[in-house]
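Here is the structure we will look at.
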Protein chains: 2
Amino acid sequence: MTPNTGVAWLTGEEDAAWRGWIEATQRIAAAIEHDLRNDSGLTFDDYEVLVTLSEADGRAQRMSELAMSTVQSASRLSQRIDRLADRGLVERRPCEEDKRGWFAVLTDEGLASLAAAAPGHVESVRRNLFDHLSPDDVVTLAEMMPRLASSFHAARAHADD
Amino acid sequence: MTPNTGVAWLTGEEDAAWRGWIEATQRIAAAIEHDLRNDSGLTFDDYEVLVTLSEADGRAQRMSELAMSTVQSASRLSQRIDRLADRGLVERRPCEEDKRGWFAVLTDEGLASLAAAAPGHVESVRRNLFDHLSPDDVVTLAEMMPRLASSFHAARAHADD
DNA sequence: GGAATATGATTCAAACTTGAATCAATCTAT
DNA sequence: ATAGATTGATTCAAGTTTGAATCATATTCC
C-alpha cells in the first residue's frame, strides 16, 4: 500500500485519520439511517429535505436550491420529491418569476411527520455520535466540519479558474 | 427545530458540529467517489473491498468477515463480489473448514486494478480532505475517528446486555 | 444420534441512484 | 427580433441497495 508512484502517499497519521474517518462516518450514517427508517419510515435524505423545507421561508424552496442544500443531484431530488409528494408530505408549486422553475413546499402533514420523527432521531444522533465525544471534541468538530464543508462552496465559486 | 418533547435536544455547538458533519462527510464522500469512478471505473466500495483483500492473508477473506471490515450488508457484499468476479478482479473459493463458508480472493488482475487506481485516489483524498486540514487537525482526527468507529465494535460485543 | 436452532451465504423483488437525454423557458448578442 | 447558448427541471434505462426469504451446513442439547 505504499508504492513508488511519485504521488505524495498518506503518512501514518493521515492513514489512521482516513481509515478512521471512513469507518466512523459509514457506521454512524448507517446506524442513524437504520434507526430513522425503523422509527419513522423516513430515510435520512427524506428527513434532511423535510428539515430544510421546515426552516425555509414559507416552508418552500426551489428545486435547484434544495438539491444544493441537501447535497444531492437534481435527478435524485426530483424523484425523492415525487415519492414525498405521493405520501402527501410535500407539494410542488410552479414558480411565477421563472416559468421553468418549481418550488417544493412542506405540507402540514410533512411538518407533522418531521415533528414525530425528530425526538427519536435526535436520540439516535446522541447515542451514535455525541455520547462518544467530550465537550472539547464537540467544539473541535463545530469548527472543523463546517470548514471542510465550505471548501466545496469556495471550489464551486472558482470552478473555472 | 427545538420543540418541547422531553428529548435532550442538540445544543448550539452540537447542532453546528452535526450539520457540519453531515455536509462535510457527504460532500467529501461524493467528491472522492466521483473522482474514483471517473479515473478508475471502481466505486469507493469496490476500492475498499480490493484494499482489504490486498492486505489480508493470502489476499483472501471470508465473506462475513469482509462484510464487517468494509461496513456493508452480507447481501450487498455478495452482489458486489458477483460484479467484481464478472470483471475478473476477485474470485470465490469455498472454505474447507466450514462447508457453508466462502472466501473472496483478490486476483492478480484485481491487484493490478487497485495499483492503477491508488495514486489518483490518494491525490483525490488529499485534495478533498487533507489539503484543508492542519497537522494538528490530522492528529485530532487520527485519535477521534477510530475511537468513534470502535464504539460500534464494543456495541456489537454486548449487543445482548 | 436426531430434532431444534443457529449460522454463512445467496437470491429475489421492490425501492433507490446514476448520468445521459430531453424539454421548455430564459438569456445573450447580434 | 431572433438564432444560439444556457438554465431549471424532469424522464429514462441501467445499475445498485435493501431487507426478507431461502437454502445448506453446523451446533446445541436432550
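Naming: A, B, ... by sequence-line order, numbering from 1 per chain.
- When the nucleotides D/dG19, C/dA9, C/dT18 are ranked by their closest atom to the side chain of B/S75, D/dG19 comes out on top.
- A/H121 has its side chain out of reach of A/D39: every pair of non-hydrogen atoms, C-beta onward, lies at least 4.5 Å apart.
- Judged by distance alone, with hydrogens and angles left aside, B/E33 brings no side-chain donor or acceptor close enough to the base of C/dT18 to form a pair under 3.5 Å.
- In this structure, CD of A/E97 is placed 12 Å from P of C/dC27, rounded to the nearest angstrom.
- At distances below 3.5 Å, at least one donor-acceptor pair connects side-chain atoms of B/R147 with backbone N or O atoms of A/H132.
- A salt bridge is defined here as a Lys NZ or Arg NE, NH1 or NH2 lying under 4.0 Å from an Asp or Glu carboxylate O, and B/R19 with B/E23 fails to meet this definition.
- Atom CH2 in B/W102 sits about 14 Å away from atom C1' in D/dC23, given to the nearest Å.
- A/D86 places its CG atom 13 Å from the C1' atom of C/dA15, with the value rounded to the nearest Å.
- Judged by closest nucleotide on DNA chain D, A/D82 is the one of A/D82 and B/R80 placed further toward the 5' end.
- Both B/C95 and A/D46 lie close to DNA chain C; mapped to their nearest nucleotides by heavy-atom distance, the more 5′-ward contact belongs to B/C95.
- Residues B/S69 and B/Q61 are in side-chain contact: their nearest non-hydrogen atoms beyond the backbone lie under 4.5 Å apart.
- In this structure, CD of B/E48 is placed 12 Å from P of D/dT17, rounded to the nearest angstrom.
- As judged by a 4.0 angstrom heavy-atom cut-off over every strand, A/D45 is placed among residues touching the sugar-phosphate backbone only.
- A straight line from CZ of B/R83 to P of C/dT10 spans 13 Å, rounded to a whole angstrom.
- With contacts defined as side-chain heavy-atom distances shorter than 4.5 Å, the pair A/F130/A/D137 does not qualify.
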List the steps, then state whether side-chain hydrogen bond (donor to acceptor under 3.5 Å, both in side chains) holds for A/T52 with A/E48. CA-CA 6 Å; A/T52 303; A/E48 280 208 287; 5.9 Å; no

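- We find that CE of A/M63 is positioned 10 Å from P of D/dT11, with the value rounded to whole Å.
- Within the nucleic acid shown, B/R37 has no heavy atom closer than 4.0 Å to any nucleic acid atom.
- Distance B/I81 CD1 to D/dG15 P: 19 Å, rounded to the nearest Å.
- Distance from the side chain of B/R76 is smallest to D/dT17 among C/dA9, C/dA20, D/dT17.
- Judged by atom type and distance alone, B/S64 does not reach the base of C/dG8 through any side-chain donor-acceptor pair under 3.5 Å.
- In this structure, B/Q72 reaches neither bases nor backbone, as no heavy-atom distance under 4.0 Å exists between it and the strands shown.
- Distance, A/F44 CZ to C/dC16 P: 16 Å, rounded to whole Å.
- Each of A/H34 and A/E65 lies near DNA chain D, and the nucleotide nearest A/E65 is the one positioned closer to the 5' end.
- Of the side-chain N and O atoms in B/R62, one or more sit less than 4.0 angstrom from OP1 or OP2 of C/dA9.
- With DNA chain C read from its 5' end, the first of the two nearest nucleotides for A/D98 and B/S78 is the one closest to B/S78.
- Checking the phosphate oxygens (OP1, OP2) of D/dT6, no side-chain nitrogen or oxygen of A/R100 falls inside 4.0 Å.
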